[in-house]
Amino acid sequence: MTDNRPHILVCNDDGIDAEGLHALAVSMKKIGRVTVVAPAEPHSGMGHAMTLGVPLRIKSYEKNNRFFGHTVSGTPVDCIKAALSHILKEKPDIIVSGINYGSNTATNTLYSGTVGAALEGRIQHIPSLAFSLTTYENADFTYAAKFARKLVRKVLREGLPEDTILSVNIPNVDEKDIQGVAITRQGKSRWAEDTIERDDMYGNPYYWLSGRLQLMDDDMQQDEYAVRQNYVAITPIAVDMTNHQALQPLKQWKLKK
């Protein structure tokens, strides 16, 4: 018997073993046929990185002694490319990436492998969404997975604007504490960088990148502020990174060769 339900490709950047990926896959199976293709290891902070000059390994992955999906020995973008060019016989109806462990708001959007995977899907002309849970501890993916299912259903019906993905950030609170849904823009909050220096056993220095988020957003139209008020923040992100407002001022420079 033919299964005519939508085909959903699920990916992430936290790796195949991530709790958020499993929660998302289980949720998506309630509305469609699911294929999971995820990094073999965590690849957070990869943005739109892809692997060049090194061969990729694709392997089947089992969970509880049952086939769950495929792993790729590369980045989230590699996973989407491998899925579309090698693993799948035809393009999926939609791509969902996540559920990321930690927020992807403001400048984090630029670093996010979760968002990168969704953008790669959109480059390949497939409606794509990225889901993130805004916490780094005591994560509960229950409501995030439920909301993801609701929004994916809506996108399957309505579609998305051309060359646009949705980056969805969901507070890590009980459903009763969610205040609503806000359509937001990317905020300006950024990381204040800190580098921890240590010495290895031979006395040679090595470094850990660290930092803390500086809140620079103060209204409900900005994603980081909205999630701090316990709203689900949905931000449309464009593949086209051109600052169109800057085109005309730059033309006034009348640059010559």
Side-chain angles (χ1 to χ4, degrees), residues 3 5-102 104 111-124 126-133 135-136 139-142 144-149 151-152 156 165 168 170:
D3 189 345
R5 296 182 302 161
H7 185 192
I8 304 170
L9 175 59
V10 178
C11 184
N12 74 343
D13 73 356
D14 291 324
I16 194 73
D17 291 317
E19 182 183 354
L21 176 73
H22 290 262
L24 185 59
V26 169
S27 185
M28 292 300 107
K29 286 179 180 179
K30 295 181 179 180
I31 58 175
R33 296 173 289 126
V34 171
T35 300
V36 175
V37 182
E41 304 291 340
H43 275 75
S44 296
M46 282 291 177
H48 211 88
M50 64 186 76
T51 301
L52 300 174
V54 178
L56 294 174
R57 310 289 182 183
I58 301 174
K59 296 182 179 180
S60 296
Y61 175 87
E62 291 188 352
K63 180 177 173 61
N64 299 324
N65 296 317
R66 297 182 62 182
F67 174 75
F68 178 73
H70 295 85
T71 65
V72 177
S73 61
T75 69
V77 169
D78 291 333
C79 291
I80 300 301
K81 288 181 174 293
L84 298 180
S85 66
H86 182 75
I87 297 172
L88 302 179
K89 294 182 180 180
E90 58 185 19
K91 284 186 176 183
D93 296 294
I94 197 166
I95 294 173
V96 291
S97 182
I99 300 167
N100 191 66
Y101 189 64
N104 281 314
Y111 308 135
S112 170
T114 302
V115 173
L119 284 169
E120 182 61 30
R122 203 55 173 132
I123 290 170
Q124 303 295 336
I126 302 168
S128 302
L129 302 90
F131 293 97
S132 305
L133 189 69
T135 187
Y136 295 99
D140 181 353
F141 293 96
T142 305
K146 177 180 177 180
F147 183 83
R149 186 167 68 248
L151 184 58
V152 167
L156 285 168
I165 70 164
V168 185
I170 304 165

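Any value given below was found using the heavy atoms of this structure, including those in side chains, with hydrogens, waters and symmetry copies removed.
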Close side-chain approach of [X] to [Y], heavy-atom, < 4.5 Å:
X   : Y    : answer
I80 : L9   : yes
I31 : R149 : yes
L21 : F68  : yes
P6  : R33  : no

What do the steps show when you test H48 against I123 for side-chain contact (heavy atoms from CB on, under 4.5 Å), and what is the final call?
CA-CA 12 Å; H48 211 88; I123 290 170; 4.0 Å; yes

Can you see which heavy atom on [X] is nearest to which on [Y], and at what distance?
X    : Y    : value
P76  : M46  : CD-CB, 4.3 Å
A18  : H22  : O-CD2, 2.9 Å
A117 : C11  : CB-SG, 4.2 Å
A83  : V37  : CB-CG2, 3.9 Å
A145 : A23  : CB-O, 3.8 Å
N100 : G102 : ND2-O, 2.7 Å

Is there any salt bridge (charged side-chain N to carboxylate O under 4.0 Å, His left out) pair reaching into residues 60-82, and which pairs are they, with sequence neighbours excluded?
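Output for this query lists K81-E120.
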
Distance from [X] atom [atom1] to [Y] atom [atom2], nearest 0.5 Å?
X    : Y    : atom1 : atom2 : answer
I16  : Y61  : CD1   : OH    : 6.0 Å
N104 : D13  : CG    : CG    : 7.0 Å
M28  : K30  : CE    : NZ    : 10.0 Å
L24  : L133 : CG    : CG    : 12.0 Å
I99  : S132 : CD1   : OG    : 9.0 Å
L88  : T35  : CG    : OG1   : 5.0 Å

For N12 and T114, which I'm curious about, is there any donor-acceptor pair between the side chains at under 3.5 Å?
no

State which residue, out of I126, L129, L119, fulfils the side-chain contact (heavy atoms from CB on, under 4.5 Å) condition with I165.
L119

Is it true that, when you exclude K146 itself, more than 12 heavy atoms of the residues, nucleotides or ligands shown sit nearer than 6.0 Å to its NZ?
no

Surrounding CZ of R5 (heavy atoms of other residues, nucleotides or ligands, distance under 6.0 Å), is the total greater than 12?
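Yes, CZ of R5 has more than 12 neighbouring heavy atoms, counting only those of other groups under 6.0 Å.
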
I'd like to know if the side chain of T51 and the backbone of V54 have a donor-acceptor N/O pair within less than 3.5 Å.
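A pair under 3.5 Å: no.
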
